[in-house]
Amino acid sequence: MKTIRLFDQFDRVHDYLRISLTEKCNLRCSYCMPEEGVALTHKTQLMTREEINGLAGIFTGLGVKKIRVTGGEPLVRKDIGGILDDLSQLPVELTLTTNAVLVDRFIDTLKNAGIRSLNISLDTLKRDKFRTLAKRDDFNRVRSNIDLLLAAGFHVKINVVVIKAVNTDEILDFVAWSDSAPVHIRFIEFMPFDGNQWAWEKIYAYSEILEQISGRFAIEKLKDHRHATAKAYRVKGAAGTFAVISSMTHHFCNSCNRLRLTADGKLKNCLFSKEETDLLSPYRSGEDIKPLIIDTLRKKAYKHGGIDAPDQLADPLHSGRSMIRIGG
Ligand code: SAM
Ligand code: SF4
C-alpha cells in the first residue's frame with residue numbers, strides 16, 4: 001500500500017512527530033513549569049504504553065519518519081523502557097529530549113532502542129544557578145550524565161534557553177565547551193507559554209548571541225538541514241558545534257515539518273496553536289483517526305499558530321497550555 005504523505009496547505013510535508021509521554025517532571029524550570037505547578041490530568045486520560053504505540057503506528061503509516069519522545073520529563077515514566085522498545089520497532093528515527101537527571105539508569109535502554117542522538121536541557125554551567133533555575137540540586141548528576149552519554153558515543157545536543165540577565169553571561173562558556181568537546185550547543189530564544197512570565201525584555205536575540213560569540217571566537221557558518229530549526233555554526237577547528245534557535249526573532253515556520261501529540265492524546269499542528277484535536281477518545285472508541293490527523297494538518301496556519309502580532313503570541317491565553325503540558 002502506498003504511504004500517504006502528510007502535506008499542509010502550504011505544501012509542507014510533515015514527517016516528524018513529537019510525543020509527550022507525561023506532564024510530570026523532576027525539575028521545575030520557571031520558563032516551562034508555572035510557579036503554582038500544573039493541575040495534572042487524571043491518569044485515565046493519559047495515553048497508555050499500548051495507545052502510544054498504536055497512535056505512533058498510525059502516524060508512521062501516514063509517512064512520519066522521525067519520532068521524538070519528550071514531556072514533561074520522559075524518563076520519569078515507569079514504563080519508559082517498554083515505550084522506547086515498542087517505538088523502536090517502528091520504521092522511524094527515534095530520539096529523545098530529556099533533562100538527563102536519570103540518564104545513567106537508561107544508557108542500555110537507549111542503546112537497545114536504537115537511539116543515537118539526544119537533546120539535553122541545561123541552561124547553566126554553575127551548580128548554584130542550576131539550583132535557582134530548576135529548583136533542584138541536580139547539576140552534578142546532569143553534568144556527569146552528559147559525560148556518560150558522550151563516552152557511550154551518543155550525539156549530544158545541549159538545549160540552552162537564553163534569558164536576558166539570567167544566563168547571557170554564560171554564552172561564551174557554553175561555546176568554549178563546544179570548542180573542546182563534541183557537544184552541540186543550541187541556544188534557544190525564550191518563548192512565551194502559559195504561566196512562564198515571558199516578556200520581550202527578557203529575550204536575548206539571535207543577533208545579540210552571535211555578536212557576543214563572534215567578538216571572542218573565530219567562527220564559521222555550517223550548512224543547515226532542510227527542516228532545521230537551528231542556525232548552526234562552529235568555532236573554527238572545534239570538536240563540537242553551536243547553533244541558535246531563533247523562534248522569536250527569525251521564525252523558521254516556512255520549513256516546519258512537525259506535529260505534536262500531547263500526553264493526553266491531543267494533536268497540535270503547531271507549538272503555538274490554540275486548537276488541538278482529541279485523537280485519544282476516538283482511538284479508544286475504535287474510530288479511524290486518520291481523517292482527523294489529515295484535517296488538523298490542513299488547518300495549520302503558516303506561522304506561529306496563526307498569530308502575527310508578537311504581543312498576541314505572548315498572551316498566555318493564546319496557547320492555553322504551559323510548555324510542560326505541550327511537550328517541547
Ligand atoms: N524535560 C525534558 C527537557 O527538559 O529536556 C523535555 C521537555 S522540555 C519541555 C523540552 C524543551 O523545551 C527543553 O529543551 C526546554 O529547554 C524547552 N523549553 C521549555 N520551555 C521553553 C521556553 N519557554 N522557551 C524555549 N524553550 C523552552
Ligand atoms: Fe522539566 Fe524539561 Fe520543563 Fe525543565 S524544561 S521543567 S526539565 S519538562
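All values derive from a computational prediction rather than experimental measurement. Only heavy atoms go into these numbers, but all of them, side chains included; no hydrogens, no water, no symmetry mates. Counting starts at 1 for both ligands and their atoms, following the listed order.
- Distances from atom 2 (Fe) of ligand 2 to the heavy atoms of Ala100, Cys25, Pro74 show the closest one on Cys25.
- Under the 4.5 Å side-chain criterion, counting only non-hydrogen atoms from C-beta, Glu35 is in contact with Lys135.
- Taking a cut-off of under 4.0 Å to the non-hydrogen atoms of Thr70, the atoms of ligand 1 that pass are 6 (C), 7 (C).
- Taking 4.5 Å as the limit, some side-chain heavy atom of Ile213 sits within range of a side-chain heavy atom of Phe187.
- A salt bridge is defined here as a Lys NZ or Arg NE, NH1 or NH2 lying under 4.0 Å from an Asp or Glu carboxylate O, and Asp169 with Lys126 meets this definition.
- Atoms of ligand 1 lying under 4.0 Å from any heavy atom of Asn99, numbered from 1 in the order shown and given with element: 2 (C), 3 (C), 5 (O).
- Checked by distance only, ligand 1 and Asn196 come closer than 3.5 Å through their nitrogen or oxygen atoms.
- At a heavy-atom distance under 4.0 Å, only side-chain atoms of Ile188, from C-beta outward, approach ligand 1.
- For ligand 1 and Glu73, the ligand atoms under 4.0 Å from any heavy atom of the residue are 1 (N), 2 (C).
- At a heavy-atom distance under 4.0 Å, only side-chain atoms of Phe193, from C-beta outward, approach ligand 1.
- Side-chain heavy atoms closer than 4.5 Å link hydrophobic residues (I, L, V, M, F, W, Y) into clusters, and following such links, possibly through other members, connects Leu122 to Leu172.
- In this structure, Gly72 counts as a contact residue of ligand 2, since one of its heavy atoms falls inside 4.0 Å of the ligand.
- Polar contact with ligand 1: present for Met191 (N/O pair, distance under 3.5 Å).
- Atom 4 (Fe) of ligand 2 has an N, O or S atom of Cys29 under 2.8 Å away, backbone or side chain.
- Between Trp200 and Trp198, the angle of the ring planes goes over 60°, which puts this pair in the perpendicular group of the 30/60° scheme.
- Distance from atom 7 (S) of ligand 2 to its nearest protein heavy atom, with residue and atom name: Asn99 ND2, 3.3 Å.
- Annotation: side chain of Leu75 is not in contact with side chain of Val101 (no heavy-atom distance under 4.5 Å).
- Ring geometry for Tyr233 against Tyr206 counts as tilted: the plane angle lies between 30° and 60°, on a 0 to 90° scale.
- By the 30° and 60° cut-offs, the orientation of the rings of His155 relative to His184 is parallel.
- Here Thr98 has backbone heavy atoms under 4.0 Å from ligand 1, and that is the only part of it that gets that close.
- For the pair Asp137 and Arg131, the salt-bridge criterion is met [side-chain N within less than 4.0 Å of a carboxylate O].
- With ligand atoms numbered from 1 in the order given, ligand 1 contributes 14 (O) to contacts under 4.0 Å with heavy atoms of Asn159.
- For the residue pair Tyr302/Gln9, the side-chain donor-acceptor check at 3.5 Å is not satisfied.
- Contact atoms of ligand 2 toward Cys32: 3 (Fe), 5 (S), 6 (S), 8 (S) (distance under 4.0 Å to a heavy atom of the residue).
- Residue Asn119 has no N or O atom closer than 3.5 Å to an N or O atom of ligand 1.
- Side-chain atoms of Ile58 and Ile293, non-hydrogen and from C-beta on, do get closer than 4.5 Å to each other.
- For ligand 1, the atoms sitting less than 4.0 Å from at least one non-hydrogen atom of Gly71 are 7 (C), 9 (C), numbered in the order shown with element in parentheses.
- Backbone and side-chain nitrogen or oxygen atoms of Gly72 are examined, and one is located within less than 3.5 angstrom of a nitrogen or oxygen of ligand 1.
- By the 3.5 Å distance cut-off applied to N or O atoms, Tyr31 is counted among the residues near ligand 1.
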